[in-house]
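Order of listing sets the numbers, starting from 1, for every ligand and every atom in it.
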Amino acid sequence: MNLMQMVKESMRFFMVSPLVAREASERVDIGGYVLPKGTWVWMAPGVVAKDPINFPDPEVFRPERFDPAGDEQKRRHPYAFIPFGIGPRVCIGQKFAIQEMKLAVIQLYQRYVFRYSRSMESPLEFHFGIVVNFKHGVKLQVISRHKQNC
Ligand code: HEM
């Protein structure tokens with residue numbers, strides 16, 4: 001398991017952008033459903049990311065499912081995991097965002113150890129906006145790796 005697999009599984013488990021919108025620029029037939037011109041279509045990447053066909057045991061956090069050499073990754077539909085959207089309007093910041101996440105995790109984990117905190121509510125509650133947020137924040141036990149920093 002590597003850091004990239006961890007980042008991807010985190011983004012699959014808690015999808016940051018729950019909805020991506022499109023407007024039909026012309027009348028279109030999608031799988032027998034006729035959408036007149038101007039129809040709004042909402043994609044739900046978080047729902048797609050919990051599809052057991054592409055992600056067996058979808059409620060299990062398993063970074064190894066993104067191992068490029070693994071069967072699960074090889075079998076998966078190429079559009080099953082789209083946290084940054086897809087197509088001509090795909091997120092232009094995706095490479096930057098991934099790089100930021102990896103650097104932040106590396107910097108933080110070099111200095112601290114993170115543990116579950118009993119003050120974190122369970123089950124988790126979310127606030128769904130343009131991006132998903134934790135309703136009551138994130139509560140963790142943060143332990144310094146270096147005593148002089150305590
Ligand atoms: C974890 C971080 C991020 C996530 C999950 C995310 C997700 C998304 C999603 C789902 C879309 C819509 C794509 C579509 O309609 O198909 C989008 C669009 C966009 N994102 Fe991000 N984004 C992130 C970070 C960033 C950053 C860091 C930037 C800029 C530095 C950025 C700039 C944009 C822009 C400009 C668009 C609109 C693109 C267009 O409509 O042509 N995003 N993002």
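Interface of Val20 with ligand 1, defined as ligand atoms under 4.0 Å from a residue heavy atom, comprises 10 (C), 14 (C), 15 (O), 16 (O). Residue contact check: Ala97 has heavy atoms under 4.0 Å from atoms 2 (C), 24 (C) of ligand 1. Close contacts of ligand 1 with Ile92, meaning ligand atoms under 4.0 Å from a residue heavy atom, involve 32 (C), 33 (C), 34 (C), 35 (C). Here is the list of ligand 1 atoms found below 4.0 Å of a heavy atom in Arg22: 14 (C), 15 (O), 16 (O).
Geometrically, Arg12 does not engage Phe66 in a cation-pi contact, judged by NZ or CZ lying under 6.0 Å from the ring centre and within 45° of the ring axis. Cation-pi contact between Arg145 and Tyr112: absent, since separation from the ring centre below 6.0 Å together with deviation from the ring axis within 45° is not met.
Using a non-hydrogen distance threshold of 4.0 Å, Pro83 registers as a contact of ligand 1. Not a single heavy atom of Met43 lies less than 4.0 angstrom from ligand 1.
Looking only at protein heavy atoms, the nearest one to atom 28 (C) of ligand 1 is Gly93 CA, 3.6 Å. Cys91 SG, 3.0 Å is the protein heavy atom nearest to atom 22 (N) of ligand 1. The protein non-hydrogen atom at the shortest distance from atom 4 (C) of ligand 1 is Phe84 CE2, 3.4 Å. Looking at atom 7 (C) of ligand 1, its nearest protein heavy atom turns out to be Ser17 OG, 3.4 Å.
Distance screen at 4.0 Å: atom 37 (C) of ligand 1 has no protein heavy-atom neighbour inside the cut-off.
Under a 3.5 Å cut-off, the side chain of Thr39 and the backbone N or O of Leu35 do not form any donor-acceptor pair.
Atom OH of Tyr116 has more than 12 heavy atoms from other residues, nucleotides or ligands within 6.0 Å. Around OH of Tyr79, the count of heavy atoms belonging to other residues, nucleotides or ligands within 6.0 Å does not exceed 12. Residue Ile106 places its CD1 atom among more than 12 non-hydrogen atoms of other residues, nucleotides or ligands, all under 6.0 Å distant. Within a 6.0 Å sphere centred on CD of Glu23, heavy atoms belonging to other residues, nucleotides or ligands number more than 12.
Between Glu72 and Arg65 there is a salt bridge, with a side-chain nitrogen of the basic residue lying less than 4.0 Å from a carboxylate oxygen of the acidic one.
Here Ile86 has backbone heavy atoms under 4.0 Å from ligand 1, and that is the only part of it that gets that close. The side chain of Phe96, and not its backbone, has at least one atom closer than 4.0 Å to an atom of ligand 1 (non-hydrogen atoms only; side chain from C-beta on).
Ring planes of Phe55 and Phe81: perpendicular class, angle over 60° (limits at 30 and 60°).
Backbone and side-chain nitrogen or oxygen atoms of Arg89 are examined, and one is located within less than 3.5 angstrom of a nitrogen or oxygen of ligand 1.
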